[in-house]
Amino acid sequence: MSIHNIRLEVMRFLETNVNEYIKQFLIPVEKIWQPSDFLPDSQSESFFDDVTELRELAKDLPDDFLAVLVGDTITEEALPTYESWLLQVEGVQTEDSEERNGWGKWVRQWTGEENRHGDILNKYLYLSGRINMREVEQTAHHLINDGFDIGTGRDPYKNFVYTSFQELATYLSHLRVSDLAKKFGDTKLSAMCKKIASDEMRHHQAYAQFVKRIFEVDPSEMLLAFDYMMRQKIIMPAHFLRESGESSGSLFEHFSNSAQRLGVYTATDYVDIMQKLINKWHIDKLTGLTDKAEKARDYLMKLPARMSKVAERMVVPEVSYQYKWLQPATRL
Ligand SMILES: [Fe+2]
Ligand SMILES: [Fe+2]
């Protein structure tokens, strides 16, 4: 059987459990939090007072912190890109009329949960009074227009490595933003970001579980896909971030530097996540590997130590970039 057909077979095998995965890792609509649980209620008499309080707390938030929050928001708002990418993965079928449509259901319900992240953050930023929303909207619009290229193709194995990694990275960064918001005295913003982080953790656990099951049935190919993704590096979804009038990707480095300066997401975190995945999938204990996969394992086991040396040497500029997102809007 060709590699392609084996992957389809494995996806069908996993699909028989998709309903259980949905129950285990996703939360029904009626039970899960919604953005309005954490934002001022516009139907309430106290709405304007609540907004005033929100703006008072937002006044003292540092620029780097706000820039990271904006970048995270925009990354979440580019969700149409991620959904359309996941729906194109080999073995994901979307037609409801087909007998097997479990993967389509998974992707839709995952998207439903993710959609609340950009929603709550965008509303918070709008109310905060600190943000040039038109600039933010243009960046989000550009990011969706630009799409992304993360090097997974339509391969489910590579895709699940990417999502396992990326969900853990977003968990970490939302959690750190939550901790910082608390430190700056904004407990409500802190609570919002913590809720988002908890969703990201469940999603990470789900995708990591899919990979774990694939390791049980197709270890060599799964390992080669993991190796491939680690060698080419995980490209962040915000890689093409840009400001209005600038070229694609021109803003990503500034955003990434802000995140590093604050300790929200650093090069060391990248290496830690890689190590966590290696441990979680028990890469050292896999058996029955082909020669090629054995070589990939040797390489992977040594990679975190090698990369942490590079991470230690990284120098992040001390001065923050002047983001258009944080400049007052010039009205025409
Ligand atoms: Fe998210
Ligand atoms: Fe996520």
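Ligands are counted one by one from 1 in listed order, and the atoms in each one are counted from 1 as well.
In summary, of the residues considered (Q209, E15, R213), a side chain to side chain donor-acceptor pair (under 3.5 Å) with Y21 occurs for R213 alone.
Between F65 and F184, the ring planes lie perpendicular to each other; the angle is over 60°, past the 30° to 60° tilted range. Using cut-offs of 30° and 60° for the angle between ring planes, the W33 and H117 rings count as parallel. A perpendicular orientation is assigned to the rings of F210 and Y207, their planes being inclined by more than 60° (bins at 30° and 60°).
Relative to the ring axis of Y265, R176 does not place its NZ or CZ within 45° and under 6.0 Å from the centre.
In this view, F148 and Y82, W85 satisfy the ring-ring contact (aromatic ring centres under 6.0 Å, His included) rule, not counting sequence neighbours.
Within the protein, the number of N/O/S atoms found under 2.8 Å from the Fe ion (ligand 1) is 5.
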